[in-house]
Every structure is written in structure tokens, then in C-alpha cells.
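The structure presented is a predicted model; accordingly, all values stated were derived computationally and were not measured.
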Amino acid sequence: MDNARRRAAPMAPEDRKAAIIDSVLPLVAERGNDVTSRELAQAAGVAEGTLFRAFGDKTALVGAVAVEGLHRAAGPEETFAELTAIDSALPLERRLELVIETGRGRAAEAMRWMSVLRHLQAALPPVDDDTSRRRMTAFRDKFMAQRLSQHEATVEGITAVLAPDLHRLRVPVDVAISLIESAIAGAHTRFDNLLPTIPADVLADALVNGLAGPGKKPGPRRPDAAASSTAAAGVPAPGSPAPSLEGNSL
């Protein structure tokens, strides 16, 4: 009975913050900066006062969630695990389709969190102090190092996806990987939205099979077709008399 009546040990501040962030991350992903403190508290299963004691205010909490979401989107281990989970027995076109879908999903997730951070920064008053600049520089350096690790994991993962068909490649593996990555990135650089996003299966088929099929040799032209085409151009057909120059001016 004494053990049952014991209260659970309070969580350490950092553990509580991490638990709250993990609880509200899906909500912030859906609602972005429009989420309310009440909604955040309900998602975390705590009182609003608990949120404020842990993070100070809603802006700080949403910012912490966005940073965590951005790190998860750029996770090297998760990226590699997703790519190497693709069934190597599938046709190459299908495997590349899954690679493209995976890359697009992670890129869209990263852009979502970057948008949240940009909106937060725009809503805050400008801060010009050494502490803030050092914090931003440290965050940028950490994130870029993680992106580099993610890229290395992506290259390793795509190489594994291509492995069963290396003998079919007409270009070096690094070129093939660059083309695949460019195809994935292209879906997120069309800021003008003038062209629709190419379906992943169509893009994968084009990458594997190229833009053009086998060339066809032109067949022999029929005499009547040759005569009609040359006459239309004002050129006499072979064997016909030369046109008279009477009445023509030079």
C-alpha cells in the first residue's frame, strides 16, 4: 500500500520539455503558428500554466517544436532506414518511385517547419545582441552539419536501392544519384507554380527509360508523296519538264 501511495517522481525540466514537444508536434505540424495555447495544453495533457513555466510563452514553445521537427525531417538514421527498407526485389522503376516519394515527403516536412520558423521570426521584434547572434549561428551550424550527414545517408541509401541493377546503368552511380536527387528537389523549387508536380511513377519511369524510345529509320518515300511535297514547295518533281521563264521578271 505504501508503494502504491507513493507519488511518481517529478520529471526533470528538460525531460518535461521533451515530453511536451513530442506530444504537441503533430498539432503544430497541422496548425502551424495559428495553434492556441489552450490547444497546445490539451494536446500535451497539462495545464496552460505548465506550458508557460516550461517554455515561457507560446512563441517559445512553437519555436522549440519547429526546431525539433526540422531536426527530425533531416534525420540521417531515419532517412537511411527508409531507403534501405525498400524491397530490392521490386522493379527498378518502382524502387525509384518509392525513393522519390520518400525524398519529397522529407523535403516537404522540412519546408513546413522552416515556414513556421520564418513566421515566428517575422512576428518577433528585431534583436541585435551578441547572445542571440551566437545562438542563431550555433543553430545554423548544427543544422547544416546534420543536413550534410543526411545527404551522406541519402547517397548510401540510394546506392543500396540501385545495387541490384548496377549492371544496367549507362552512367556512373554518382551521376545517377545526382539525377535522382535533382528530380526530387525539382518538385520544391517551382515557386511560381506554373507547372504541376510530376507524379513519382512518371518521373521514375523517365529516369530509368529515358525521354525517348528507340529511334525509327525512315522508310522509302512513295513517288506520289515525293511529287506532292516538292510541288507544294514550288520544286518540280523528278522527270517533269522545267518551268518556263516567260513572263517571269528578274
Without swapping roles, check the side chain of [X] against the backbone of [Y] for a donor-acceptor pair under 3.5 Å.
X	Y	value
H151	R147	no
K58	L40	no
S23	A19	yes
D165	R168	no

If two hydrophobic side chains count as joined below 4.5 Å and joins carry through other members, does [X] share a cluster with [Y]?
X	Y	value
V24	V67	yes
L148	L83	no
L92	I86	yes
V62	L51	yes
V28	F55	yes

Give the minimum heavy-atom separation between [X] and [Y], together with the two atoms involved.
X	Y	result
A43	L27	CB-CD2, 3.9 Å
L90	R95	O-NE, 2.8 Å
T84	A160	CG2-CB, 4.3 Å
V116	A66	CG1-CB, 3.9 Å
L162	A176	CD1-CB, 4.2 Å
A44	I20	CB-CG2, 4.2 Å

request  = Scan D201, D205, I180 and name whichever one has a side chain to side chain contact (heavy atoms under 4.5 Å, CB included) with L96.
outcome  = I180
key: L25 and E68: CA distance, side-chain angles, deciding distance, side chain to side chain contact (heavy atoms under 4.5 Å, CB included) verdict   = CA-CA 8 Å; L25 195 146; E68 175 63 21; 4.0 Å; yes
Quick one: [atom1] on [X] to [atom2] on [Y], what's the gap to the nearest 0.5 Å?
X	Y	atom1	atom2	value
L117	L70	CG	CG	6.5 Å
E78	T102	CD	OG1	13.0 Å
I184	I158	CD1	CD1	5.5 Å

key: Over 12 foreign heavy atoms within 6.0 Å of CZ, R72   =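 Yes, because the 6.0 Å sphere around CZ of R72 holds more than 12 heavy atoms from other groups.
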For residues [X] and [Y], determine if any side-chain heavy atom of one lies less than 4.5 Å from a side-chain heavy atom of the other.
X	Y	value
E93	L207	no
P76	E152	no
R104	L203	yes
P199	E97	no
V161	L98	no

inquiry  = Is it true that R53 and T50 share a donor-acceptor pair across their side chains at a distance under 3.5 Å?
reply    =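 Their side chains do contain a donor-acceptor pair, which is all the 3.5 Å distance test asks for.
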message = Any donor-acceptor pair under 3.5 Å linking the side-chain atoms of Q150 with those of T79?
response =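 Q150 and T79 do have a side-chain donor-acceptor pair below 3.5 Å.
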inquiry  = Taking R31 first and then E39, would you say they form a salt bridge - that is, a charged N and a carboxylate O separated by under 4.0 Å?
reply    = yes
